[in-house]
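Beneath this line is the structure, given in structure tokens, with notes to follow.
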Amino acid sequence: MRPLAGCAVVIAAAVTLAGCGSDASDDKDSSSATPELKVTGAYMPAPSMDTMAAGFFTVTNSGGADTLTSVTSDLSDDVTLHSTKGGAMEEETSFKVPPKGTLDFASGGNHLMFEKLTHKPKQGEKVSVELHFAKSGTVKISMPVKSATYTPKTGH
């Protein structure tokens with residue numbers, strides 16, 4: 001029992017010290033700093049249905065905060081943002097992109113839903129997608145269609 005108590009004390013001390021080590025210059029109002037967004041790992045699993053598909057990607061932000069407000073695509077007039085909470089899918093109106101952080105859209109978590117498809121994309125095609133951000137404006141990406149069972153090495 002003593003080793004567990006010792007671990008708890010060490011962890012508590014580390015958490016306390018981590019909070020004290022903050023440099024005021026790091027805390028400049030990062031919400032007003034310009035976001036610096038990069039989108040990577042985008043893909044769409046080949047849909048099994050003619051009417052619906054999902055999309056995944058990662059937004060990495062090396063600047064100030066931003067918000068993903070909507071998504072558009074030639075593949076569908078109805079692209080929505082979704083989260084998965086407690087195993088249940090919920091439609092969202094936006095997603096925050098934290099300053100100097102990431103926003104992940106991954107299988108089993110946040111994802112895009114493309115409904116009422118103009119056509120059923122096949123493996124090897126590329127889908128044009130526009131991500132609309134509150135501060136950064138529109139970011140255009142090309143989302144390759146992968147096999148329905150594709151699992152990226154990055155964990156999406």
Self-check item: For Pro35 against Lys135, the heavy-atom pair lying closest together
Solution: CG-CB, 3.8 Å
Practice problem: Let me see the working for Leu37 and Thr60 under side-chain contact (heavy atoms from CB on, under 4.5 Å), right down to the final yes or no. | Solution: CA-CA 6 Å; Leu37 307 181; Thr60 303; over 6 Å; no
Quiz item: With hydrophobic residues grouped by side-chain heavy-atom distances under 4.5 Å, do Val139 and Leu81 end up in a single group?
Solution: yes
Quiz prompt | Shared hydrophobic cluster for Val145 and Val39 (ILVMFWY, side-chain gaps under 4.5 Å) | solution = yes
Quiz item: If we ignore angles and hydrogens, is there a donor and acceptor under 3.5 Å between the side chains of His132 and Thr69?
Solution: no
Exercise. Tell me, with the steps shown, if His119 and Leu75 meet side-chain contact (heavy atoms from CB on, under 4.5 Å).
Key: CA-CA 7 Å; His119 72 282; Leu75 182 63; 3.7 Å; yes
Quiz item: Under a 4.0 Å N-O cut-off, is there an ion pair linking Lys85 with Glu92?
Solution: yes
Quiz item: Hey, are the side chains of Thr67 and Phe133 touching, using non-hydrogen atoms and a 4.5 Å cut-off?
Solution: no
Quiz item: Does the side chain of Thr58 pick up a donor-acceptor pair with the side chain of Asp104 at under 3.5 Å?
Solution: yes
Exercise. Sequence neighbours left out, what pairs pass ring-ring contact (aromatic ring centres under 6.0 Å, His included) with at least one residue falling in residues 61-102?
Key: His82-His111, Phe95-Phe105
Self-check item: Tyr43 and Tyr150 aromatic centres sub-6.0 Å
Solution: yes
Quiz prompt | Closest non-hydrogen atom pair, Pro47 against Pro121 | solution = CD-O, 3.5 Å
Quiz item: Just wondering, are more than 12 heavy atoms of other shown residues or ligands nearer than 6.0 Å to CG in Asp78?
Solution: yes
Self-check item: Closest approach of Ser76 to Thr118 (non-hydrogen atoms, all atoms of both residues)
Solution: N-CG2, 4.4 Å
Quiz item: Between Ser136 and Asp66, does any side-chain donor sit less than 3.5 Å from a side-chain acceptor?
Solution: yes
Practice problem: Indicate yes or no: at least one non-hydrogen side-chain atom of Asp50 is less than 4.5 angstrom from one of Leu117. | Solution: no
Quiz item: Between Leu103 and Lys96, is any pair of side-chain heavy atoms under 4.5 Å apart?
Solution: no
Exercise. Compare every heavy atom of Ser73 with every heavy atom of Val127, then report the nearest pair and how far apart it is.
Key: CG1-OG, 3.6 Å
Quiz prompt | From Asn61 atom CG to Thr102 atom OG1, the distance as rounded to the nearest 0.5 Å | solution = 9.5 Å
Quiz prompt | Rounded distance (nearest 0.5 Å) linking atom OG1 of Thr72 with atom CD of Glu130 | solution = 4.0 Å
Quiz item: Is Met113 reachable from Val59 through a run of I, L, V, M, F, W or Y residues, each pair having side-chain heavy atoms under 4.5 Å apart?
Solution: no
Quiz item: Does some side-chain heavy atom of Leu68 sit less than 4.5 Å from a side-chain heavy atom of Leu131?
Solution: yes
Quiz item: Which heavy atom in Ser142 sits nearest to a heavy atom in Ala42, and how many Å separate them?
Solution: O-CB, 4.3 Å
Exercise. Could you tell me which non-hydrogen atom of Met143 sits nearest to which non-hydrogen atom of Met44, and how far apart they are?
Key: CG-N, 3.6 Å
